[in-house]
Undergrad: 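Provided herewith is a single structure, encoded as structure tokens, for subsequent inquiry.
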Amino acid sequence: MTSTRKAYFVGGGIGSLAGAAFMIRDGGWAGDQIVILEAGAVMGGSLDGAGDADRGYTMRGGRMLTTDNYECTWALFKSIPSLAQPGRSVFDETLAFNEQHASNAMARLVDNRRAKVPVASMGFSMHDRLELFKLANADEASLGASSITDHLSPPFFDTEFWFMWATTFAFQPWHSAVEFRRYLHRFMLEFSRIETLAGVKRTVLNQFDSLVVPLQHWLEAQGVHMVTDCTVTDLDHKTENGQFEVIAAHCTLKGQAEIRQLEEGDLVFLQNGSMTDASSLGSMNAAPAKLKKAPIGSWTLWEKLADGRPSFGKPAAFNSCVAQSDWASFTVTLKDSAFFDQMQRFSGNEAGTGGLVTFKDSNWLMSIVLAHQPHFANQPADVQVFWGYGLFPDRIGNFVAKAMADCTGAELLEELCGHLRFDLDTVATANCIPCRMPYITSMFMPRAPGDRPLPVPEGTKNFAFISQFVEIPQDTVFTVEFSVRAAQMAVYQLLGLTQPIPPVAPHDKSLHAQFDALVKALK
């Protein structure tokens, strides 16, 4: 007998797409029992990629990947077929690509003389080493809601290690000490190779085209209902026998209000909070607009649900200080190879092999990365695309007397060429699209136990959270893995599945990894 149960995923990010796949692959659900409700025009959430050669390409960001970690992500994508290489999975395709295009950054840090900064040494003093060791070995409970600066002295933030680690993972000194500690453990293998980014793996194209599109294609083939332009504004619920149960979803679908009533056995998965809420794009001639969080959206919905329910977390811990959670990015589309050619001569890296180039003396702490080309599925052969970002968008530039967040695309290129000492003619064909993201590192904000809910909070019957704002022991936010793992945990728990979820790989327990990290710290 065909089941009439339904599962509703609120938000169309990678977590919801992965959750739908787990329900089908591991839970035995039919695709047409699953509905994904997305407020935007396309699926993928923060894992986006859009545009064309004429209008310019855009990516708000790109998440770092490794194959030493990301256990749940790659286990999923081993079962998702590649669209470009029949007979191969997305994982197989990605692995083969990285065997051909290994990372070996030769210009990881650049100073204000346009000189490559030596990075064989991490630049630590003995005091820095002792403080870092103490923080790495502290108990999370003792760290509480403290920030990184509560544990590391000012000179630490001028070390080569900090510039490389902070820009690789987007940490700020005022961010969560607990999260920083987790990164030190989760990515211990990267500690010993942070100067070359040798552990970083890339998708064949941008992550939207390489991960979201094939996963969405597979889900559509299974019959999953993907509803765009649909904002869930509220969830009706009841509590019986101490069990919280969602009974209806209020939606605005293409401008029209509707209510979706839930039946017995239906499930709801909510992407609570959004790192890219209130993000905006500019142009060559205009800076991105300054937006505030949406009056209806994932933050607001989470705030409604969490009011009076401590087990649902505290959204205010993450979204209350834009000045501590924002940065700006930009995507550059070029119609000649002049910039890429000069960057290759300067850095020593072909595009796709170098990783981030960070200008350590930049007031904005600007970094750029040149991916292997093409970077978009519809990108012409004579077009090149690169991405960059700055961690201090409120500061005045070194070459442009404006805050980064207030700059047009043309002004961002002027600042970039100033750091590189490139003539502006190098970017004469460029279309630079800036992006402002006020909540992009909100998940890094200092937090206390209980500020993040469990994927399935205690006392819930048919409801789960899947996002960067849930609590998963040992794992690290601001990664695709965190979203995928949260979705797998939520789906398995609500479906009562007992098969094991891939554990977080304990690289930090490896004596070899510990020794390599110690040797690197002593250089």
Side-chain angles (χ1 to χ4, degrees), residues 5-11 13 15-16 18-19 22-23 26-27 29 72 139-145 176 178-179 182 232 234-249 262-274 298-319 442-443 445-477 481-504:
R5 296 178 68 188
K6 294 284 187 184
Y8 295 93
F9 287 86
V10 180
S16 288
F22 291 130
M23 294 195 78
D26 303 335
W29 282 48
C72 296
D139 181 79
E140 283 194 6
S142 69
L143 297 176
S176 166
V178 168
E179 197 62 36
R182 286 196 185 188
V232 176
D234 206 355
L235 296 174
D236 290 342
H237 48 82
K238 65 180 181 179
T239 301
E240 290 184 356
N241 300 318
Q243 292 287 299
F244 174 92
E245 180 180 3
V246 177
I247 57 176
L262 271 66
E263 305 295 335
E264 181 66 28
D266 289 353
L267 305 175
V268 175
F269 300 86
L270 172 65
Q271 292 195 309
N272 56 307
S274 171
S298 57
W299 283 118
T300 309
L301 190 51
W302 183 18
E303 288 166 349
K304 285 182 182 179
L305 293 167
D307 187 20
R309 296 184 182 86
S311 66
F312 281 19
K314 297 178 182 176
F318 307 99
N319 66 12
S442 52
M443 73 292 291
M445 293 293 285
R447 63 178 189 270
D451 287 347
R452 304 195 305 190
L454 295 172
V456 181
E458 186 176 353
T460 56
K461 180 179 179 181
N462 68 339
F463 176 74
F465 293 111
I466 50 171
S467 74
Q468 298 287 308
F469 301 93
V470 300
E471 180 55 46
I472 303 176
Q474 298 181 296
D475 214 349
T476 50
V477 295
E481 173 67 11
F482 198 87
S483 295
V484 174
R485 183 177 292 276
Q488 191 166 14
M489 292 171 66
V491 166
Y492 276 32
Q493 188 168 342
L494 287 186
L495 267 58
L497 303 180
T498 57
Q499 56 258 56
I501 292 174
V504 171

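Given the structure is predicted, the values throughout are model-derived calculations rather than measurements. Index from 1, following the sequence. Below, each value reflects all heavy atoms present in this structure, side chains not excepted, and no hydrogens, waters or symmetry copies.
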Undergrad: If every non-hydrogen atom of P453 is compared with every non-hydrogen atom of N272, which pair is closest and at what distance?
TA: CG-ND2, 4.1 Å
Undergrad: Inspect the contact between R182 and E471 and indicate whether a charged nitrogen and a carboxylate oxygen are less than 4.0 angstrom apart.
TA: yes
Undergrad: Sequence neighbours left out, what passes salt bridge (Lys or Arg N to Asp or Glu O under 4.0 Å) with E263? Give chain and number order.
TA: none
Undergrad: Any side-chain heavy atom of F269 within less than 4.5 Å of one from S467?
TA: no
Undergrad: Heavy atoms, side chains only, cut-off 4.5 Å: are R452 and M443 in contact?
TA: no
Undergrad: If you take all heavy atoms of K6 and D266, which pair is closest and at what distance?
TA: N-OD1, 2.8 Å
Undergrad: Return all side-chain donor-acceptor pairs below 3.5 angstrom for residues 300-307, not counting sequence neighbours, or 'none' if the list is empty.
TA:
residue : atom : partner : partner atom : Å
T300    : OG1  : A294    : O            : 3.0
T300    : OG1  : P295    : O            : 3.2
W302    : NE1  : F312    : O            : 2.7
E303    : OE1  : K293    : NZ           : 3.3
E303    : OE2  : K293    : NZ           : 2.7
E303    : OE2  : N319    : ND2          : 3.0
K304    : NZ   : T233    : O            : 3.1

Undergrad: Identify, with sequence neighbours excluded, every residue that meets side-chain contact (heavy atoms from CB on, under 4.5 Å) alongside A448.
TA: A145, D451
Undergrad: So do L235 and I247 actually touch side chain to side chain, heavy atoms under 4.5 Å?
TA: no
Undergrad: For K461, which residues count as a side-chain hydrogen bond (donor to acceptor under 3.5 Å, both in side chains) partner, sequence neighbours excluded?
TA: E264
Undergrad: Sequence neighbours excluded, which residues qualify as side-chain hydrogen bond (donor to acceptor under 3.5 Å, both in side chains) partners of D236?
TA: H250
Undergrad: Restricting to side-chain hydrogen bond (donor to acceptor under 3.5 Å, both in side chains), what partner residues turn up for T476, sequence neighbours left out?
TA: none
Undergrad: Identify, with sequence neighbours excluded, every residue that meets side-chain hydrogen bond (donor to acceptor under 3.5 Å, both in side chains) alongside R309.
TA: H237
Undergrad: Show me, pair by pair, the donor-acceptor contacts under 3.5 angstrom made by side chains of residues 238-246, not counting sequence neighbours?
TA:
none

Undergrad: Please evaluate residues F463 and L270 with respect to the criterion side chain to side chain contact (heavy atoms under 4.5 Å, CB included), reporting the C-alpha separation (whole Å), side-chain torsions for both, the decisive distance (0.1 Å), and the verdict.
TA: CA-CA 8 Å; F463 176 74; L270 172 65; 3.8 Å; yes
Undergrad: Do F465 and V456 come within less than 4.5 Å of each other through their side chains, counting heavy atoms only?
TA: no
Undergrad: Return a table of donor-acceptor pairs under 3.5 angstrom between the side chains of residues 482-492 and protein atoms on other chains or two or more places apart.
TA:
residue : atom : partner : partner atom : Å
S483    : OG   : Q468    : NE2          : 2.6
R485    : NE   : D475    : OD2          : 3.0
R485    : NE   : E481    : OE2          : 3.4
R485    : NH1  : P502    : O            : 2.7
R485    : NH2  : E71     : OE1          : 3.1
R485    : NH2  : E481    : OE2          : 3.1
R485    : NH2  : P502    : O            : 3.1
Q488    : NE2  : Y492    : OH           : 3.2
Y492    : OH   : D26     : OD2          : 2.6

Undergrad: My understanding is that only residues two or more places apart in sequence, or in another chain, count here; which of them pass side-chain contact (heavy atoms from CB on, under 4.5 Å) with Q474?
TA: V504
Undergrad: Determine yes or no for a side-chain-to-main-chain donor-acceptor pair under 3.5 angstrom, with E458 supplying the side chain and S311 the backbone.
TA: no
Undergrad: Using the test side-chain contact (heavy atoms from CB on, under 4.5 Å), find all partners of S298 that sit at least two apart in sequence or belong to another chain.
TA: S274
Undergrad: Tell me, please, which residues at least two apart from S142 pass side-chain contact (heavy atoms from CB on, under 4.5 Å).
TA: A138, D139
Undergrad: F469 versus F318: any side-chain heavy-atom pair under 4.5 Å?
TA: yes
Undergrad: Evaluate the side-chain proximity of I472 to V470: yes if any heavy-atom separation is below 4.5 Å, no if none is.
TA: yes
Undergrad: Restricting to non-hydrogen atoms, name the atom on I501 and the atom on C72 that form the minimum distance, rounded to 0.1 Å.
TA: CG2-SG, 3.7 Å
Undergrad: What verdict does the side chain to side chain contact (heavy atoms under 4.5 Å, CB included) test give for R447 and S176, after you've listed the backbone C-alpha separation in whole Å, the side-chain angles of each residue and the deciding distance to 0.1 Å?
TA: CA-CA 7 Å; R447 63 178 189 270; S176 166; 3.9 Å; yes
Undergrad: Any heavy-atom pair between the side chains of V268 and L262 that's under 4.5 Å?
TA: yes
Undergrad: Side chains of I466 and P455: closer than 4.5 Å at any heavy-atom pair?
TA: no
